[in-house]
Student: 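Got a structure here, written out as structure tokens. Questions coming.
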Amino acid sequence: MDSSSICPFCHSSVPSSQLQWHANNHFEHDDLQRATDFELAQQLALSPNSPPRKQAASGLHSDKTHGGSNNWYNGIVAGRHNGAWKVDEKISCLVDLQRKSEFYKIEAGLIALLKNCLESEAENSRTILSGYVDHFQSLEFEDVGWGCGWRNLQMLSSHLLVQRPQAREVLFGGSGFVPDISSLQRWLEIAWGRDFDPPGADQFNHAVYGSRKWIGTTECAALLRSFGLRARVVDFGPKEYESLYLSVPGSSVGALQPLRTNNWRKRKAIISGPMDRYLSRTVSQSSCSQKENSCSSPNDTDSNANISKGHQALMDFVWNYFSNNSSIQFGHRRVIVCEKTPLYFQHDGHSRTIVGIQVKHQRTGTLQYNLLILDPAHKTASLEKSLREKVGWQRLVKRGIHTLRKPQYQVLLPPLFSLEKKLCYVDPGIASEEEMEKLKTIDSVFIEI
């Protein structure tokens with residue numbers, strides 16, 4: 001029997017499998033009324049009498065999410081039937097018309113400030129951070145309640161553009177900047193039009209531009225893969241759903257790996273490993289705008305034990321990821337900046353960006369893990385202030401296992417689905433043409449919890 005969930009907008013009780021459809025219906029009328037600006041701009045840009053187009057990097061505008069999702073989608077559909085809009089024409093047009101997302105710039109560098117704070121701690125700890133990343137916050141009158149996925153995609157993109165020259169050359173037509181949400185929506189639709197992630201495109205009816213639809217790791221991977229980037233997805237789920245995870249071609253289950261943390265102790269991590277693209281559409285979701293202090297913890301003891309085990313598997317994986325399977329040597333350093341990309345972290349109807357992990361050696365001999373996260377729900381200026389003053393930054397950035405045991409944001413979750421977590425990251429290099437065909441299927445690695 002399908003479990004019930006609460007709609008975060010009208011607070012009605014609906015079947016969990018229908019929650020996303022129900023929630024998105026709240027915005028359909030608004031989406032249909034949006035302007036046809038992009039379709040008109042396409043026609044002008046590609047008409048014989050149009051003036052020379054400016055370089056893509058010159059289009060610096062504020063981050064405003066608007067436009068006509070149906071008109072943009074209809075253009076794609078029409079192109080499929082009569083060839084009027086070829087994919088390369090859409091891409092060329094979008095490269096020139098996309099807009100740079102405005103955000104609060106931390107001049108000293110967010111990761112540099114975080115590194116200073118971590119080094120100032122007097123505890124026996126080791127920390128690994130990803131390189132450069134900008135924080136993109138959800139804005140009250142633009143995307144609060146639905147835009148967290150897009151904001152985390154922007155954070156991941158900011159890292160790729162600065163840290164990886166190859167990615168900078170291909171991302172967003174070589175524009176060199178992070179586009180706003182509406183431009184990212186267009187890029188995702190182009191990816192779908194090029195047959196990246198057909199099942200996901202079908203679930204969105206191939207249309208997302210101008211809408212307030214939630215996205216997750218699958219859409220993030222599809223968009224990045226369409227540029228030739230090797231975006232990978234990892235799913236954490238119960239054994240009962242392993243067969244469903246493996247139904248996606250190319251998905252796999254990992255093997256047990258020994259986990260070492262600076263030789264403090266050796267332990268086993270349950271590293272299994274695909275992504276649950278189908279369950280991600282049916283699990284209960286909630287508004288990204290809710291505050292974390294509104295969370296409620298499960299009442300069932302067995303559920304708490306299962307969640308604790310699941311989150312330890314998550315911590316083990318994240319440590320192995322950033323430490324390159326513990327091959328990093330700290331020496332006398334306590335904080336290291338590695339070459340790994342941040343992790344797009346989707347969970348319980350919300351998503352955040354993991355930029356590192358800290359492990360502390362307790363007096364009892366046990367290890368305490370803290371994920372280091374950037375949350376789109378936080379204000380960037382407040383985050384910068386706390387990091388500069390070294391006051392209260394832990395509350396904004398650190399997340400230990402005890403904080404992750406609670407289902408996020410007030411929503412009724414099916415017992416097994418409350419354990420589900422998903423990660424997305426990007427491996428180095430650019431895919432060949434042959435590999436690009438394989439990347440069109442969004443496979444993943446499954447980690448049993």
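Computed from a predicted model, the values in this text were never measured in an experiment.
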Student: Side-chain contact test, heavy atoms from C-beta onward, threshold under 4.5 Å: evaluate it for Arg151 versus Cys148 and give yes or no.
Tutor: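 No - every pair of side-chain heavy atoms lies 4.5 Å or more apart.
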Student: Work out which heavy atom in Cys220 is nearest to a heavy atom in Leu156; give both atom names and the distance.
Tutor: SG-CD2, 4.1 Å
Student: Crowded around Glu140 CD? As in, over 12 foreign heavy atoms under 6.0 Å?
Tutor: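 No, because the 6.0 Å sphere around CD of Glu140 holds 12 heavy atoms or fewer from other groups.
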Student: A side-chain contact here means heavy atoms from C-beta on lying under 4.5 Å apart; do Phe204 and Asp197 qualify?
Tutor: no
Student: Within a strict 4.5 Å, meaning less than it, do heavy atoms of the Lys100 and Val178 side chains meet?
Tutor: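 Side-chain contact under 4.5 Å: no.
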Student: For Asp180 and Ser183, indicate whether the former's side chain and the latter's backbone hold a donor-acceptor pair under 3.5 Å.
Tutor: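 Checking the backbone N and O of Ser183 against the side chain of Asp180, a donor-acceptor pair under 3.5 Å is found.
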Student: Under a 3.5 Å distance rule, please check whether Gln163 uses its side chain to pair with a backbone N or O of Glu339 as donor and acceptor.
Tutor: no
Student: Counting C-beta onward and ignoring hydrogens, is there a side-chain heavy-atom pair between Arg164 and Val426 closer than 4.5 Å?
Tutor: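 Of all side-chain heavy-atom pairs linking Val426 with Arg164, at least one is under 4.5 Å.
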Student: So which atom in Gly145 and which in Trp214 form the shortest heavy-atom distance, rounded to 0.1 Å?
Tutor: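 Gly145 and Trp214 have their closest heavy atoms at O-NE1, 3.1 Å.
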Student: Check the angle between the aromatic planes of Phe317 and Tyr425 and answer parallel, tilted or perpendicular using the 30° and 60° thresholds.
Tutor: tilted
Student: When you compare the side chains of Thr441 and Asp443, does any donor N or O come within less than 3.5 Å of an acceptor on the partner?
Tutor: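 There is no such pair (donor and acceptor under 3.5 Å, judged by atom type) between the side chains of Thr441 and Asp443.
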Student: Could you tell me which non-hydrogen atom of Leu423 sits nearest to which non-hydrogen atom of Phe345, and how far apart they are?
Tutor: CD2-CD1, 3.5 Å
Student: Tell me the closest heavy-atom pair linking Lys398 and Lys360, and the distance in Å.
Tutor: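 Answer, listing the atom of Lys398 first, then Lys360: NZ-NZ, 3.6 Å.
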Student: With the threshold set at 4.0 Å, does a side-chain nitrogen-carboxylate oxygen contact exist between Glu219 and Lys213?
Tutor: no
Student: Given side chains that start at C-beta, do those of Leu224 and Tyr344 come closer than 4.5 Å, heavy atoms only?
Tutor: no
Student: Treating Asn152 as the side-chain partner and Ser351 as the backbone partner, does any N or O pair qualify as donor plus acceptor under 3.5 Å?
Tutor: yes
Student: Partners of Leu439 by side chain to side chain contact (heavy atoms under 4.5 Å, CB included), sequence neighbours excluded?
Tutor: Phe196, Arg225, Arg232, Ala431, Glu435, Met436
Student: Under the salt bridge (charged side-chain N to carboxylate O under 4.0 Å, His left out) rule, what pairs show up with a residue in residues 376-385, not counting sequence neighbours?
Tutor: Glu384-Arg388, Lys385-Glu389
Student: Evaluate side-chain contact (heavy atoms from CB on, under 4.5 Å) for Leu383 paired with Leu374, printing each intermediate quantity in order.
Tutor: CA-CA 9 Å; Leu383 177 60; Leu374 298 180; 3.9 Å; yes
Student: In the structure I gave you, are the side-chain heavy atoms of Ile111 and Val133 within less than 4.5 Å of one another anywhere?
Tutor: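 A side-chain contact under 4.5 Å exists here.
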Student: Sequence neighbours excluded, which residues qualify as ring pair (Phe, Tyr, Trp, His ring centres under 6.0 Å) partners of Phe227?
Tutor: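 Listed in chain order: Phe172, Trp187.
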Student: Between Gln346 (side chain only) and Thr217 (backbone N and O only), is there a donor and an acceptor less than 3.5 Å apart?
Tutor: yes
Student: For the side chain to side chain contact (heavy atoms under 4.5 Å, CB included) test, which of Leu372, Thr341, Ile128 pairs with Val355?
Tutor: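 By the side chain to side chain contact (heavy atoms under 4.5 Å, CB included) criterion, Val355 pairs with just one of Leu372, Thr341, Ile128: Leu372.
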Student: Can you give me the closest heavy-atom contact between Ala112 and Ala108, atom names plus distance?
Tutor: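 Closest heavy-atom pair between Ala112 and Ala108: CB-O, 3.6 Å.
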Student: If you apply the rule side-chain contact (heavy atoms from CB on, under 4.5 Å), what do you find for Leu229 with Ile430, and how did you get there?
Tutor: CA-CA 5 Å; Leu229 301 182; Ile430 304 297; 3.5 Å; yes
Student: Give a yes or no answer on whether the side chain of Gln137 reaches the backbone of Thr380 with a donor-acceptor pair at less than 3.5 Å.
Tutor: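 At least one qualifying donor-acceptor pair exists.
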Student: Does the pair Leu118 and Leu129 meet the rule for a side-chain contact (heavy atoms from CB on, under 4.5 Å), with working shown?
Tutor: CA-CA 10 Å; Leu118 290 163; Leu129 294 170; 4.0 Å; yes
Student: By side chain to side chain contact (heavy atoms under 4.5 Å, CB included), which residues pair with Arg168, not counting sequence neighbours?
Tutor: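 For Arg168, the residues satisfying side chain to side chain contact (heavy atoms under 4.5 Å, CB included) (neighbours in sequence not counted) are Leu161.
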Student: What distance do Ile181 atom CD1 and Phe136 atom CZ have between them, rounded to the nearest 0.5 Å?
Tutor: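 These two atoms lie 10.0 Å from each other.
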Student: With side-chain contact (heavy atoms from CB on, under 4.5 Å) as the test, would you mind laying out the steps for Tyr321 and Ile357 before giving the verdict?
Tutor: CA-CA 10 Å; Tyr321 170 76; Ile357 185 169; over 6 Å; no
Student: Checking Glu119 now: which residues fulfil side chain to side chain contact (heavy atoms under 4.5 Å, CB included) with it, not counting sequence neighbours?
Tutor: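 With sequence neighbours excluded, Glu119 shows a side chain to side chain contact (heavy atoms under 4.5 Å, CB included) to Lys115, Asn116, Val335, given in chain and number order.
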Student: Flag the pair Met155 / Pro342 as yes when at least one side-chain heavy-atom distance between them is below 4.5 Å, and no otherwise.
Tutor: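 Of all side-chain heavy-atom pairs linking Pro342 with Met155, none is under 4.5 Å.
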Student: Work out which heavy atom in Val233 is nearest to a heavy atom in Ala221; give both atom names and the distance.
Tutor: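 That closest heavy-atom pairing would be CG2-CB, 3.7 Å.
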Student: Whether the side chain of Gln358 engages the backbone of Ser125 through a donor-acceptor N/O pair (distance < 3.5 Å, no angle test) should be reported.
Tutor: no
Student: Applying side chain to side chain contact (heavy atoms under 4.5 Å, CB included), can you list everything that pairs with Ile336, at least two apart in sequence or on another chain?
Tutor: Ile328, Phe330, Arg333
Student: Are Leu343 and Phe322 side-chain neighbours, meaning at least one heavy-atom pair lies under 4.5 Å?
Tutor: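 Leu343 vs Phe322: side chains touch.
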Student: So, Thr366 side chain and Gln362 main chain: donor-acceptor pair closer than 3.5 Å or not?
Tutor: no
Student: Say whether, by atom type as modelled, one donor and one acceptor occur between the side chain of Asn205 and the main chain of Ala207 under 3.5 angstrom.
Tutor: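 No: the side chain of Asn205 does not pair with the backbone of Ala207.
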